[in-house]
Number of protein chains: 4
Amino acid sequence: MRIAVVGASGYTGLESLRILHRHPNCEIVAATSEQRAGQPVGDAFPAFRGVIDLDFENANPEALATRADAAILCLPHATAAPIAAGLRKGGVRVVDLSADFRFSDPALYEAWYGPHGAPELFGQGVYGLPELYREEIRNADLVAAAGCYPTSVLIPMVPFLRAGVVHTEGIHIDSKSGVSGAGRKLADTYLMAEMDGNAMAYAVTAHRHGPEIEQEASLAAGSEVRVSFVPHLLPTVRGMLSTIYLRTKQPLGEDQARAILAEAWADEPFVRMLPAGEAPQINSVRGSNFCDVNVIADERNGTLVVLAAIDNLVKGASGQGVQCLNLMAGFEETAGLGEAPFAP
Amino acid sequence: MRIAVVGASGYTGLESLRILHRHPNCEIVAATSEQRAGQPVGDAFPAFRGVIDLDFENANPEALATRADAAILCLPHATAAPIAAGLRKGGVRVVDLSADFRFSDPALYEAWYGPHGAPELFGQGVYGLPELYREEIRNADLVAAAGCYPTSVLIPMVPFLRAGVVHTEGIHIDSKSGVSGAGRKLADTYLMAEMDGNAMAYAVTAHRHGPEIEQEASLAAGSEVRVSFVPHLLPTVRGMLSTIYLRTKQPLGEDQARAILAEAWADEPFVRMLPAGEAPQINSVRGSNFCDVNVIADERNGTLVVLAAIDNLVKGASGQGVQCLNLMAGFEETAGLGEAPFAP
Amino acid sequence: MRIAVVGASGYTGLESLRILHRHPNCEIVAATSEQRAGQPVGDAFPAFRGVIDLDFENANPEALATRADAAILCLPHATAAPIAAGLRKGGVRVVDLSADFRFSDPALYEAWYGPHGAPELFGQGVYGLPELYREEIRNADLVAAAGCYPTSVLIPMVPFLRAGVVHTEGIHIDSKSGVSGAGRKLADTYLMAEMDGNAMAYAVTAHRHGPEIEQEASLAAGSEVRVSFVPHLLPTVRGMLSTIYLRTKQPLGEDQARAILAEAWADEPFVRMLPAGEAPQINSVRGSNFCDVNVIADERNGTLVVLAAIDNLVKGASGQGVQCLNLMAGFEETAGLGEAPFAP
Amino acid sequence: MRIAVVGASGYTGLESLRILHRHPNCEIVAATSEQRAGQPVGDAFPAFRGVIDLDFENANPEALATRADAAILCLPHATAAPIAAGLRKGGVRVVDLSADFRFSDPALYEAWYGPHGAPELFGQGVYGLPELYREEIRNADLVAAAGCYPTSVLIPMVPFLRAGVVHTEGIHIDSKSGVSGAGRKLADTYLMAEMDGNAMAYAVTAHRHGPEIEQEASLAAGSEVRVSFVPHLLPTVRGMLSTIYLRTKQPLGEDQARAILAEAWADEPFVRMLPAGEAPQINSVRGSNFCDVNVIADERNGTLVVLAAIDNLVKGASGQGVQCLNLMAGFEETAGLGEAPFAP
């Protein structure tokens, strides 16, 4: 399959190149970047010298449609939608890593992201979390890959909501992310001299991924779910942990809790249920598409502590996008994603 | 005042040396280390070459009592108690950084730490958190400096428990610590090659600081408090964040919540209330005795998100110990602790 | 080809598993570890859960010979030699990552490493640096993969020695390595709390890789070469830089110097000559088998500054081993090694 | 003494505030920042909240002269000179951390830094390295504190040049710096996501500190000295190592070499000669004004390996500035600089 990586010079764009480069069924035919157009990929990013033999080009949906069967969009929200629309017109199948097609309620999208860039397509994307929507993704032409935080939260949390064993309000989600989640953003906060050794919460209960989590959690629970979502920045580049505090309706032992989680994802190729008491860690998933999960029951306090780790650039972005592409194209779902995690 | 630093070769011991070295009213007269006895401090730890002109010696309470007016114990739990007993016999005032004198219930201590090393002294230590027990510390001869996690949790949380505005069960505490909190422990987990870029929860709802937090929180609330305490390890050396999720009994606006926190600590020299919406961060407190706090109200979900940052080796250990010593000795409470944080 | 990874629980062992797992022509049939024998690989190292479906076993050369066509030895020096001997007896082709078969002078080996573990095999290994000994490796049954530092030094330096344009004494080599080069060593120096943010020289002009460099450099120059080799430890996990200071016999312009380096390695799949003035960096090679090189001429001072970057665990160890295996087996030389570097 | 910190919002400016805040003889009366004028220091930099009770103001030399006895200039080169001129007119004693007054040859300055901002003052600054120019600094009104790299190179190297035991050309200097040396620069290179785990040479033999080193080295040697100076960036915030390769004229044993270095700096309060064979490391000097030095002789190869470590923001900038101020004002030379290094 011929693939265009649109917005290829950002971190999720480069990660898409990295994954697709080794994909047995895909050929990268274009890498776009407005800022770098005309420059060889390997000149701009020396890691790719001798690996990706393409020049960056401007993102022209019409032109791309003549050369690509599918595209993965690694663009900021709002920018992605019109490009997606153009590509769809040309018959190109699209996986969009931005938030533009993740929401079903236009008002909610607009409240958090501003005016939508292609209102005619709004709501036509399938939510790109294969663990929840595998069949829908298989049949989709436009997939909105789930956000990084929502991925790290929904996979471990949804089974308990579906099972109806936990309260749907008073949910507390404490997530931690490496700095690559912000993209290559030139702001003081992201400088090595400011962030090395540092850590802090940010956008406390006000992060855009909060409503995305609530949308999908509510669908899973069959009723409105409310979460207090608090993201934190870690002094590392890649990796994301979520620690989710759920209050049980009835006393629930750890064995039962573990059974609920394990059974929900027993057949998933990328969800790894850890042994009792073992906490997921970033270094066990880095560079891979795995989502490691576990649950520990604090029966004394009526709380389940649900834990997950992902690589925010892989299962939280580009890997998830490729997993969706694989489903859409009828490839092996794990194609290009079988690499062992990168550790130490 | 002549001070002995007992257990001076570990991280909290060295940090005690660092702080006491600049203390205007203290003279370090002994630095003990069983492992390093006989070695000059500066040979063992080149940072201190030309700074601390002492040889490590064995910890002999009787001998120390002839030379020291006070001692700061930087020993593992169980080891500290008998030394404390010996020093007290000799009339030496003691600040113990271990857990040996933090508990009032012997069974609780024993359940988490094993047999106590000086049962006759059990319960005679004053809990060394000046923000809670300033007057008691002033009059004490044996102070058990609060643990690092409890310090980072109690300072921001107690005002809400005292005010009675939050539920006392279903409390979720998500803490994050730099690796120095574990001491100089030779285990795979703490190797640079394993921990750099890594992060994970550990001892989930099973950490020894959980019962310590509950003891003091219950005293503050006037009724039993139950918390789910989940510590995490960060890929950094120093620093500790706590994010505490409290459910309000009645709707509570952020202004009201901020007023409760700000008023509680208005006169504290080391608690800094941050402007609305600003999250405490490690790099703003590193190397200092400050505890930065804030609270953000998630009214939609009936939750207060309470935040704190400390340096685990300073306000979480040696700095707190010196603050207690200052109170016991009648020095300026901030003596030796006025350094600006170390940033960048 | 059926491969045994011997000493699979150390960093180079795990890295060999990681690379061979994706190798199109290899099947990992055994992973040995004395310390972990009986334990599933994925239990001991959660990164490999669901990836490598093997239990660690003891290293029994006879038993391994019945199941493996080739073995990669990731053992400490001295331990490797007898295992290699056993495997060779069983007809297994061996790539040894230790120093045991890198030297041609037994006295030199013994002076730096102590008594050899299989004297009858001494000197029978081909030095495993394909850029220097490709044809010999193709025909070898026992290959001693080059050390990490020597790899990062010889590739950029040998062309100038062969060209005869630089002095062969007074050579100064300043190398910098991530901590994984030391293996999973439980010593204070390698603790996160000691090494994060730190850096220092070590084994100044007394590192075992010095004589290895001199052996190969002398062969390249056709006369004795003497180097002052100073390794440094960097506060990172992977990656190695070498900065080599060569004094020119005659004035030599940068264009000429660049031509010498570029032409020497023009056909090498893993050596990347950078554009004029661009310095190799760790993040451009991490996780890959690339060796990025460049040279900058300081004509004023009669000095060539020769630069190289590798990933010490890949081109400096396991990747190099697999490259050698590929040559020995007649596979595509780049098989299993085509991954893009891991960045950011 | 009343001090103004001019350009107080950059890293060396903040570090000057940090050091002067604890200085027993100094009162900070002004902190200037064009970008932050009007903002409280503690609002802009939360580490300083409750520590420095000043608002940033614009740098108006005339106004400052009415309130300050001395000033430390933490400004970019070219910007510093006219401010220095204005302050001198007002009788304010000036320590300038920029390069504006470090050179004696105007053409050399201009070649590397462009047009000078106060030609009338050019050459009137005393080179601010107390180990070389203590007496001149005592009597100076304008001191140009030595650059960070030159400090880390000159202190360990000058004794050998003065002793005349090494060649004055073919000197190779391999320096490594933390990223704070670049200041708070918003460029891709300095982002956490780009620099964490990374390292590389830069400005190879083309860094502005090269000619500064050569100027002072030549003065020390009494003849022209030529060096190949290669700076590197380390994945850490603070700290600087220099590894200097000197070729001996005659065979020189390590004891002799150590004696030359030790005797040269025997009375220096901030130079620490390490025991034989021990390499200086960043973590032993971080946060302090120390320069740790050592020398190892490679007699076989006619080379001395000279080593030094400093904190680039302290002995390499603000601490050195304060040391100079102390000399100028007749204070204890170590006043405000007695803090133990910050480790772990």
Side-chain angles (χ1 to χ4, degrees), chain A residues 167 169-174 176 178 189 191-206 210 226-230 232-241 243-245 247 277-284 286 294 296-305 307 309 343-344, chain B residues 167 169-174 176 178 189 191-206 210 226-230 232-241 243-245 247 277-284 286 294 296-305 307 309 343-344:
Chain A
H167 290 290
E169 32 64 69
I171 292 178
H172 302 144
I173 302 174
D174 193 290
K176 298 94 179 164
T189 302
L191 290 175
M192 177 80 178
E194 309 273 340
M195 195 56 214
D196 187 49
N198 203 3
M200 79 283 279
Y202 70 101
V204 177
T205 75
R226 266 178 293 178
V227 306
S228 296
F229 172 59
V230 182
H232 298 71
L233 220 48
L234 295 181
T236 186
V237 178
R238 286 179 182 237
M240 179 169 279
L241 296 181
T243 308
I244 305 160
Y245 301 84
R247 288 178 306 122
E278 189 175 319
Q281 52 182 312
I282 287 176
N283 278 8
S284 292
R286 193 169 40 199
N294 210 342
I296 284 153
D298 189 2
E299 285 189 79
R300 246 177 90 264
N301 200 27
T303 292
L304 296 182
V305 181
L307 302 155
Chain B
H167 290 289
E169 30 65 70
I171 292 178
H172 302 143
I173 301 176
D174 194 289
K176 300 96 179 163
T189 302
L191 289 175
M192 177 80 179
E194 308 274 339
M195 196 56 214
D196 187 49
N198 202 2
M200 78 285 278
Y202 71 100
V204 177
T205 75
R226 267 180 290 177
V227 307
S228 296
F229 172 59
V230 182
H232 298 71
L233 219 47
L234 295 182
T236 185
V237 179
R238 286 178 182 237
M240 178 169 281
L241 295 181
T243 309
I244 305 160
Y245 301 84
R247 288 177 306 119
E278 188 175 319
Q281 51 183 311
I282 288 175
N283 278 8
S284 292
R286 194 168 40 198
N294 210 342
I296 284 153
D298 190 1
E299 285 190 80
R300 245 177 91 261
N301 200 28
T303 291
L304 296 182
V305 181
L307 303 156

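These numbers were taken from a predicted model, which means no experiment stands behind them. So that the names make sense, note that chain A is the first sequence line, chain B the second, and so on, each numbered from 1.
If you measure heavy-atom distances from Asp196(A) to chain B, the contacts under 4.5 Å come from the backbone alone. The contact between Val204(B) and chain A is made by backbone and side chain atoms together, counting heavy-atom distances below 4.5 Å. Proximity to chain A (any heavy atom under 4.5 Å) is restricted, for Ile171(B), to the backbone atoms N, CA, C and O. Residue contact with chain A, scored on non-hydrogen atoms closer than 4.5 Å, is absent for Leu304(B). Neither the backbone nor the side chain of Ile244(A) comes within contact range of chain B, judged by heavy atoms closer than 4.5 Å. If you measure heavy-atom distances from Pro280(B) to chain A, the contacts under 4.5 Å come from the backbone alone.
A pairwise comparison of heavy atoms in Thr236(A) and Gly197(B) identifies OG1-CA, 3.0 Å as the closest pair. The minimum heavy-atom distance between Asn301(A) and Gly170(B), with the atom names listed, is OD1-N, 3.0 Å. Listed here is the closest heavy atom pair of Pro344(A) and Ala193(B): CB-O, 3.3 Å.
Classified by interplanar angle (parallel below 30°, tilted 30° to 60°, perpendicular above 60°), the ring pair Tyr245(B)/Tyr245(A) is tilted.
Looking only at atom types and distance, the side chain of Ser228(A) has a donor-acceptor partner in the side chain of Asp298(B) under 3.5 Å away.
Heavy-atom pairs under 4.5 Å with chain B peak, among Ala201(A), Ala309(A), Ala199(A), at Ala199(A). Residue with the most contacts toward chain B among Glu169(A), Arg238(A), His232(A), Met195(A): His232(A) (heavy-atom pairs, distance under 4.5 Å).
Proximity of Leu234(A) to Leu234(B): side-chain heavy atoms (C-beta onward) are separated by under 4.5 Å at one or more points. The shortest side-chain heavy-atom distance between Met200(B) and Ile282(A) does not fall under the 4.5 Å cut-off.
The structure places CD of Gln281(B) at 4.5 Å from CG of Asn198(A), a figure rounded to the nearest 0.5 Å. Note that NZ of Lys176(A) is 10.0 Å distant from CG of Leu241(B), once rounded to the nearest 0.5 Å.
In terms of modelled atom types and a separation under 3.5 Å, the side chain of Asn283(A) and the main chain of Glu194(B) share a donor-acceptor contact. In this structure, Arg300(B) contributes its side chain and Arg226(A) its backbone to no donor-acceptor pair below 3.5 Å.
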